Every structure is written in structure tokens, then in C-alpha cells.
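Only a predicted model underlies this, so the values are computations on that prediction, with no experimental measurement involved. We're numbering straight along the sequence, starting at 1.
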Amino acid sequence: MIGKVAEMISSRPVMTRWILAGPIALVLAIVTMAAMPFWFPAGPAGLDHLAIPILLFPLIWTATVLYPCMDEKLPRAVVVMTALTAMQIAVIISAF
């Protein structure tokens, strides 16, 4: 089963990279930015854990766009980006 999924991902590399570097990267960057106040330490004024994720959003988005474009193994990129998204969503859910 896993081999068939990996084969399907590898058979259409342009479309897979486009989906990973486009909408999936945006969703991952937004979810990461939303989860950062829960795992980022608060500063002395209590605002750093809110301001720094907003300031880091362009860097996070750039990293999530470039990663699937540069990774040679697309199935690994799919797994990594899916796992990161799931972990960040778990952090957000566990905070509530």
C-alpha cells in the first residue's frame, strides 16, 4: 500500500511539487505561526510570544515553499510536511 502511494507521488513530480509548495506550504506556515505562541517562551513584557511568530511568518513560509522544491525524494517531503502540520495542529488542540 505504501509503495503504491509513493509510486503515485513520484509518477507526477511537477503536480506534487506544485501542491506541496503552494497551498500545503501556506497552510503549514499559517498553522505553525498559530501554534508558536503555545511553544515559544513569553518575553519580559509578555508580548514576544505573540509578535515573533508574526515577524517570522515570511521566513517560515519561505522554508515551507523551498523544502519540497529542493527535496529529491517527494514521498519523504509529503510525509515530513504532513507530520509537521499534524504536530502543529496537535499543539493548538492541546492548548484548548
Step-by-step side-chain contact (heavy atoms from CB on, under 4.5 Å) determination, Gln88 to Phe38 = CA-CA 10 Å; Gln88 299 299 344; Phe38 300 114; over 6 Å; no
Next item on the list: Apply side-chain contact (heavy atoms from CB on, under 4.5 Å) to Met33 and Leu56, showing your working.
Entry: CA-CA 8 Å; Met33 186 185 74; Leu56 289 178; over 6 Å; no
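By the rule that hydrophobic residues join a cluster once side-chain heavy atoms approach within less than 4.5 Å of another member, Ile89 and Val79 end up as members of separate clusters. No chain of hydrophobic side-chain contacts below 4.5 Å, direct or via other Ile, Leu, Val, Met, Phe, Trp or Tyr residues, connects Ile24 to Met70. Under the 4.5 Å side-chain heavy-atom criterion for Ile, Leu, Val, Met, Phe, Trp and Tyr, Trp18 and Val78 are members of the same hydrophobic cluster. Under the 4.5 Å side-chain heavy-atom criterion for Ile, Leu, Val, Met, Phe, Trp and Tyr, Val27 and Met36 are members of the same hydrophobic cluster. Cluster annotation: Leu66 and Leu84 are assigned to distinct hydrophobic clusters (Ile/Leu/Val/Met/Phe/Trp/Tyr, side-chain heavy-atom contacts under 4.5 Å, transitive).
The closest donor-acceptor contact from the side chain of Thr64 to the backbone of Trp61 lies under 3.5 Å. Remark: side-chain polar atoms of Thr16 are paired, donor with acceptor, to backbone N or O of Ile9 under 3.5 angstrom. Distance alone, capped at 3.5 Å, is enough to place a donor-acceptor pair between the Arg17 side chain and the Pro68 backbone. A donor-acceptor distance shorter than 3.5 angstrom exists from the side chain of Ser94 to the backbone of Val91, with no hydrogens or angles considered.
Rounded to the nearest 0.5 Å, atoms CH2 (Trp39) and OG1 (Thr32) are 7.5 Å apart. Once rounded to the nearest 0.5 Å, the distance linking CZ of Arg76 with NZ of Lys73 reads 5.5 Å. Rounded to the nearest 0.5 Å, atoms CE (Met87) and OG1 (Thr82) are 11.5 Å apart.
The minimum heavy-atom distance between Ser10 and Pro13, with the atom names listed, is O-CD, 3.5 Å. The heavy-atom pair separating Leu26 from Phe57 by the smallest distance is CD1-CZ, 4.3 Å. Scanning both residues, Ile92 and Phe96, for their nearest heavy atoms gives O-CD1, 3.1 Å. When all heavy atoms of Leu20 and Ala77 are compared, the closest pair comes out as CD1-CB, 4.1 Å.
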